[in-house]
Amino acid sequence: LEQKIKQANLQHAQQTTNSNKRIVVVGGRGKLGSLFVRLFTELGHSVSVFEQQDWNNAQQIVEHADLVVVSVPINLTSSVIKQLVGYLSAETILADLTSVKAQPLADMLEYHAGPVVGLHPMFGPDVPDIHDQVVAYCDGRTPQQYQWLLDSLALLGAKLTKVTAESHDKSMAFIQVMRHFSTFVYGLHLQQENPKITDLISLSSPIYRLELAMVGRLFAQDSQLYADIIYSNPANFQLLKRFAERFNEGIQLLESGDKALFKQEFADVRRWFGDYAEHFLKESRVMLEAAHHYSEL
Ligand code: NAD
């Protein structure tokens, strides 16, 4: 049934959106790029891939494009945008899928005179479809020109969230940089302490197994992507340093033996979460039930 609903939604999306646009995905053989090539193709657009070896034919590939989407590694994004814009017509929409937004958006606006939009799909390439997945977007120039692009992602079920590039990058410091960095350190700590992983797994009920899986899955992915995200903005290093200081303060608290103070700080954090603490307890219970069901399959 779920499959039928998705098929019906896709047909609806094809009929409703302005389909059969000419779209070029720069980095379209990459992990995220190839997902977007598939999504745009499913929507009925004619999609071309532009890869590293295609620069000699750049003019030919992009000159009639309605939309060019940049999906190359973060550290190459600025130089690729600068190289690309010389071949674009002023009507072509220029977009990117980069995990950071301020610099790529500024580059696109500075070098391309036509419509510009920054996108950040908040998911990895391993999702089967983008239903319920968040896509953050940052308006660049002439939004009415690229409204069809946002509409088609919405029709595929994505949750479009409008945000300024600066606010996006500030939130990502917590959602991605801090999370990935602490997961990296957690993994490093495990590797260096070297417990037997099979012992940890056999003693882990679903919640602990899920937590271990969330750490382990980072190391199954691309170190370049995570390095680029974590290193992308030196301003984030200060945030990470404060995080490390709080760890040390936490250790001092333990060594002081002051459990009353621990409980007081625990209560302060609970107050900060407000109603979300209770909400997250319920939500995670549902997720754990699903995880438990999955592990029984
Ligand atoms: P990737 O390394 O898998 O793909 C990058 C692609 O760009 C490759 O196919 C590569 O050949 C191509 N490329 C490199 N240099 C090029 C050049 N000079 N000209 C043309 N093509 C070139 O990387 P990815 O993980 O798909 O990430 C791509 C972008 O998507 C990044 O900006 C990243 O921040 C963003 N993103 C990735 C994920 C993810 O989970 N992978 C999630 C959200 C956003």
Side-chain angles (χ1 to χ4, degrees), residues 23-40 47-62 65 67-88 94-108 111-112 116-130 132-138 140 149 153 156 158-161 163 165 168-169 171-177 179-181 183-184 214 216-233 236:
I23 301 178
V24 176
V25 181
V26 184
R29 295 252 180 277
K31 287 182 282 298
L32 195 67
S34 54
L35 171 66
F36 275 77
V37 167
R38 176 165 69 78
L39 295 173
F40 289 137
V47 188
S48 312
V49 167
F50 185 127
E51 268 292 335
Q52 300 187 49
Q53 66 280 5
D54 293 325
W55 285 98
N56 287 340
N57 304 322
Q59 185 73 46
Q60 208 183 327
I61 302 173
V62 303
L67 165 68
V68 172
V69 182
V70 177
S71 181
V72 300
I74 299 178
N75 60 335
L76 301 178
T77 302
S78 275
S79 62
V80 165
I81 288 169
K82 285 176 202 163
Q83 234 183 315
L84 194 64
V85 288
Y87 303 104
L88 299 184
L94 180 59
D96 77 309
L97 303 180
T98 322
S99 304
V100 291
K101 290 273 57 83
Q103 191 60 50
L105 190 68
D107 289 336
M108 292 192 294
Y111 298 104
H112 181 51
V116 164
V117 59
L119 303 170
H120 181 196
M122 293 296 302
F123 47 86
D126 52 354
V127 296
D129 59 66
I130 63 168
D132 281 343
Q133 298 288 350
V134 172
V135 178
Y137 74 95
C138 306
L149 169 63
L153 296 174
L156 289 175
K159 288 184 182 157
L160 275 295
T161 304
V163 64
H168 167 277
D169 289 359
S171 294
M172 285 309 136
F174 293 96
I175 298 172
Q176 295 202 310
V177 178
R179 274 252 49 84
H180 296 327
F181 184 70
T183 302
F184 166 72
M214 295 310 288
R217 85 187 296 277
L218 184 91
F219 298 93
Q221 298 176 69
D222 184 3
S223 55
Q224 181 68 47
L225 175 67
Y226 290 103
D228 282 351
I229 290 174
I230 293 170
Y231 283 70
S232 63
N233 183 358
N236 292 333

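Remember, it's 1-based here, ligands and their atoms both numbered in the order they're listed. What you are looking at is a predicted structure, and each value in this text was computed from that prediction instead of being measured.
- The contact set between ligand 1 and Ile74, taken as ligand atoms under 4.0 Å from a residue heavy atom, comprises 32 (O), 34 (O).
- Near Arg29, meaning under 4.0 Å from any of its heavy atoms, are these atoms of ligand 1: 9 (O).
- With ligand atoms numbered from 1 in the order given, ligand 1 contributes 40 (O) to contacts under 4.0 Å with heavy atoms of Gly124.
- Within the listing of ligand 1, atoms 33 (C), 34 (O), 35 (C), 36 (N), 43 (C), 44 (C) sit less than 4.0 angstrom from a heavy atom of Ser99.
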*Are Phe181 and Ile229 close enough, and set up right, to give a side chain to side chain contact (heavy atoms under 4.5 Å, CB included), and what steps lead you there?*
CA-CA 10 Å; Phe181 184 70; Ile229 290 174; over 6 Å; no
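- Put simply, the side chain of Leu105 reaches to within 4.5 Å of the side chain of Val116, judged on heavy atoms.
- Within 6.0 Å of atom CZ in Arg179, 12 or fewer heavy atoms from other residues, nucleotides or ligands are found, so the atom counts as exposed in its surroundings.
- Taking every non-hydrogen atom of Leu97 and a distance limit under 4.0 Å, the qualifying atoms of ligand 1 come out as 30 (O), 35 (C), 36 (N), 44 (C).
- For atom 40 (O) of ligand 1, the nearest non-hydrogen atom from the set Pro73, Ala136, Pro125 comes from Pro125.
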*asked:* Using the rule given for side chain to side chain contact (heavy atoms under 4.5 Å, CB included), can you reason through Val127 versus Leu35, listing the C-alpha separation, both sets of side-chain angles and the distance that settles it, and then say yes or no?
replied: CA-CA 9 Å; Val127 296; Leu35 171 66; 4.1 Å; yes
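- An N or O contact shorter than 3.5 Å is missing between His120 and ligand 1 by distance.
- Within a 6.0 Å sphere centred on CZ of Phe219, heavy atoms belonging to other residues, nucleotides or ligands number more than 12.
- Under 4.0 angstrom from ligand 1, there are no non-hydrogen atoms of Ile229.
- Near Pro121, with a cut-off below 4.0 Å to any heavy atom, the atoms of ligand 1 are 43 (C).
- Among Asp107, Asp96, Asp169, the single residue meeting the salt bridge (charged side-chain N to carboxylate O under 4.0 Å, His left out) criterion with Lys101 is Asp96.
- Of the heavy atoms in Trp55, only side-chain atoms (C-beta onward) come closer than 4.0 Å to ligand 1.
- By the 30° and 60° cut-offs, the orientation of the rings of His168 relative to His120 is perpendicular.
- Few gaps surround CZ on Phe123; more than 12 heavy atoms of other groups in view lie less than 6.0 Å from it.
- Of the candidates Gly27, Ser232, Gly33, Gly27 brings a heavy atom nearest to atom 6 (C) of ligand 1.
- Listed here is the closest heavy atom pair of Leu32 and Pro125: N-CB, 4.2 Å.
- In this structure, Arg217 pairs ionically with Asp126, as a charged nitrogen and a carboxylate oxygen lie closer than 4.0 Å.
- Which parts of ligand 1 touch Val26 is read off a 4.0 Å heavy-atom cut-off, strictly below it: atoms 20 (C).
- From the protein, the heavy atom lying nearest to atom 10 (C) of ligand 1 is Glu51 OE1, 3.4 Å.
- The shortest N or O to N or O distance between Gln52 and ligand 1 is under 3.5 Å.
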*Would you check, one step at a time, whether the test side chain to side chain contact (heavy atoms under 4.5 Å, CB included) holds for Phe36 with Leu153?*
CA-CA 10 Å; Phe36 275 77; Leu153 296 174; 4.1 Å; yes
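- The presence of a protein heavy atom under 4.0 Å from atom 36 (N) of ligand 1 is confirmed.
- At least one N or O atom of Leu32, backbone or side chain, sits closer than 3.5 Å to an N or O atom of ligand 1.
- Counting heavy atoms closer than 4.0 Å to ligand 1, residue Leu76 contributes side-chain atoms (C-beta onward) but none from N, CA, C or O.
- The side chain of Val80, and not its backbone, has at least one atom closer than 4.0 Å to an atom of ligand 1 (non-hydrogen atoms only; side chain from C-beta on).
- In this structure, atom 31 (C) of ligand 1 lies nearest to the protein heavy atom Val72 O, 3.2 Å.
- For ligand 1 and Phe123, the ligand atoms under 4.0 Å from any heavy atom of the residue are 42 (C), 43 (C).
- Val69 places a side-chain heavy atom less than 4.5 Å from the side chain of Phe40.
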